[in-house]
There are 2 protein chains.
Amino acid sequence: MARRTKEEAQETREQIIDAAELVFHRKGVARSSLNDIAQQAGVTRGAIYWHFKNKQDVFAAMLERHRLPTEALSQRAEDPSESDPLGRFRDLLISVLQRTVRDPGHRRVFEILFYKCEFTDQTAPLMQRVQESYLDGGAKVRRTLGNAIERGQLPATLNLGRAVTQLHVQMTGLLYTWLLLPGSFDLDREAADFVDSYIATLRYCPTIAGEGAHTPPGGLDP
Amino acid sequence: MARRTKEEAQETREQIIDAAELVFHRKGVARSSLNDIAQQAGVTRGAIYWHFKNKQDVFAAMLERHRLPTEALSQRAEDPSESDPLGRFRDLLISVLQRTVRDPGHRRVFEILFYKCEFTDQTAPLMQRVQESYLDGGAKVRRTLGNAIERGQLPATLNLGRAVTQLHVQMTGLLYTWLLLPGSFDLDREAADFVDSYIATLRYCPTIAGEGAHTPPGGLDP
DNA sequence: GTATACATACATCCAAGAACGTATGTATAG
DNA sequence: CTATACATACGTTCTTGGATGTATGTATAC
């Protein structure tokens with residue numbers, strides 16, 4: 001085998017990333033050798049070194065390929081002209097959760113990120129990428145919740161910072177917990193309930209919604 | 001150097017675990033060699049192989065040393081004769097969060113578990129250990145919440161299974177998120193607020209507290 | 001009390017394999 | 001013809017597990 005067309009070369013690159021995803025998921029990133037990935041992809045290490053600098057570069061490419069479709073989703077919710085921003089937001093959150101359950105590739109990448117890779121000084125740029133992803137997401141969420149307040153869907157006294165933090169907590173916690181023990185609850189079926197529970201917290205929990213706003217009759221403190 | 005007393009040997013063992021904790025945290029578990037750990041501990045690899053079977057055994061010992069004090073804490077809350085089980089429970093949760101912020105060793109172990117180790121088929125027993133830890137914790141929480149219902153501190157209609165899941169989600173999410181971006185919020189100061197927010201959810205959120213119980217005047221659905 | 005016998009607690013040394021990065025070969029697309 | 005898209009071959013570096021050496025603690029016999 002030798003030189004192929006540009007399209008075929010691009011295909012090879014994708015195959016390598018596919019293979020890396022499978023091998024990383026099976027053996028963990030550290031214990032996966034480039035030879036393992038090459039074998040899984042049906043090429044030799046030479047091909048990998050042609051397309052990528054090293055294993056970390058393959059890993060980064062895998063994350064990048066996964067990040068783009070996810071970020072595209074979040075664009076819809078933060079449109080200021082959307083008349084039901086909270087509804088769009090709710091749909092988005094539910095779809096992320098259900099997609100993780102239903103799409104094996106999506107799920108694999110999350111499992112790799114949570115359980116099958118190590119972030120160290122060596123992989124600092126990757127850690128930064130994940131952190132930026134969190135911060136970017138936080139900014140988007142902040143805008144979306146701001147729109148929801150404008151439309152009267154959330155109390156004006158909402159503690160935005162805490163609402164964003166609590167969203168990260170809830171989504172990260174849900175995915176981490178379910179991926180650890182997929183049998184402990186039915187995430188696909190209960191996704192909407194968990195999201196609605198979060199939204200209810202934004203409206204009625206005094207430490208997030210703001211003191212005095214919409215407090216239920218019984219009071220909230222012990 | 002040669003044979004030392006039993007006490008000194010035990011000290012050496014602890015030093016090795018201390019060293020492993022530091023090295024694992026600095027380089028990640030996979031990239032840490034037994035030589036790295038030995039150097040950090042001021043011994044040779046021979047000493048490590050005397051006390052432990054291999055690197056994974058060191059890792060397991062590190063987790064074990066960390067698990068015991070944490071489990072001891074949770075015993076207090078689930079005593080049926082406790083008159084304020086929910087209060088004890090609240091104290092426990094807050095202390096776990098604040099301990100993670102304040103105790104560097106505690107924090108290091110969590111950071112290693114979340115970000116600096118890989119769970120694979122190879123390390124299946126460790127993964128199982130973590131899973132069992134979750135399940136055991138869930139059972140304890142279930143008993144504690146049951147006591148709180150007995151005492152009228154939580155609604156009798158409480159969906160216990162979801163309450164336990166939501167607790168795992170909340171605590172795991174909080175620790176994971178804060179350890180990823182310690183600057184994004186002040187966990188030490190806000191720990192009580194987050195815990196109270198969770199408890200409020202148990203009381204007033206219809207998808208967890210049970211339909212119809214304590215629903216605030218505005219209703220909860222969009 | 002002390003000599004003996006053995007277990008303990010390491011240090012040192014060695015052989016083997018794995019994985020990496022690079023250098024080089026090669027056939028084909030452009 | 002030349003750059004491309006790989007395959008192949010090679011040398012080097014780490015790490016591991018175990019084998020071996022050794023000096024001391026400790027229990028027992030006398």
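Residue numbers begin at 1 in each chain, while the letters A, B, ... track the order of the sequences. All figures in this text were calculated on a predicted structure; none of them were measured in a lab.
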### Query
Is the closest side-chain donor-acceptor distance between B:Tyr134 and A:Thr177 under 3.5 Å?
no
### Query
Looking only at side-chain N and O atoms, does A:His51 come under 4.0 Å of OP1 or OP2 in D:dC6?
yes
### Message
We want to know whether A:Gln170 and B:Gln166 form a side-chain donor-acceptor pair, criterion being a heavy-atom distance below 3.5 angstrom.
### Response
yes
### Message
Categorize B:Ser33 for me: base, sugar-phosphate, or nothing, with a 4.0 angstrom heavy-atom threshold over every strand shown.
### Response
sugar-phosphate
### Spacing of B:Glu11 atom CD relative to C:dT8 atom P, expressed in whole Å
20 Å
#### Entry: A:Ile48 CD1 - C:dT22 C1' separation (whole Å)
15 Å
### Task
Please check if the distance between the ring centroids of B:Phe110 and B:Tyr176 is under 6.0 Å.
no
### Message
Please determine whether a side-chain nitrogen or oxygen atom of A:Thr12 lies at a distance below 4.0 Å from atom OP1 or OP2 of D:dA5.
### Response
no
### Task
Report the distance from atom CD of B:Gln15 to atom P of C:dA9, rounded to the nearest whole Å.
14 Å
### Task
Give the rounded distance in Å between these two atoms: CD of B:Gln10 and P of D:dG25.
18 Å
### Query
What nucleotide, of C:dA11, D:dA9, C:dC13, holds the atom closest to the side chain of B:Ala47?
C:dA11
### Task
May I ask you to check whether A:Phe185 and A:Phe194 place their ring centers less than 6.0 Å from one another?
yes
#### Entry: Separation of C:dC10 P from B:Leu34 CG (nearest whole Å)
15 Å
### Query
Whole-Å distance between C:dC14 P and B:Asn35 CG?
16 Å
### Message
Nearest whole Å is fine: how far is D:dT15 C1' from B:Arg45 CZ?
### Response
7 Å
### Message
Can you confirm whether the side chains of A:Ser33 and A:Asn35 place a donor and an acceptor under 3.5 Å from each other?
### Response
no
### Task
May I ask you to evaluate whether A:Trp50 reaches the phosphate of D:dA5, defined as a side-chain N or O under 4.0 Å from OP1 or OP2?
yes
### Query
A:Lys53 has an atom NZ; how far is it from atom C1' of C:dC20, in whole Å?
14 Å
### Side-chain N or O of B:Tyr49 closer than 4.0 Å to phosphate OP1/OP2 of D:dG17
yes
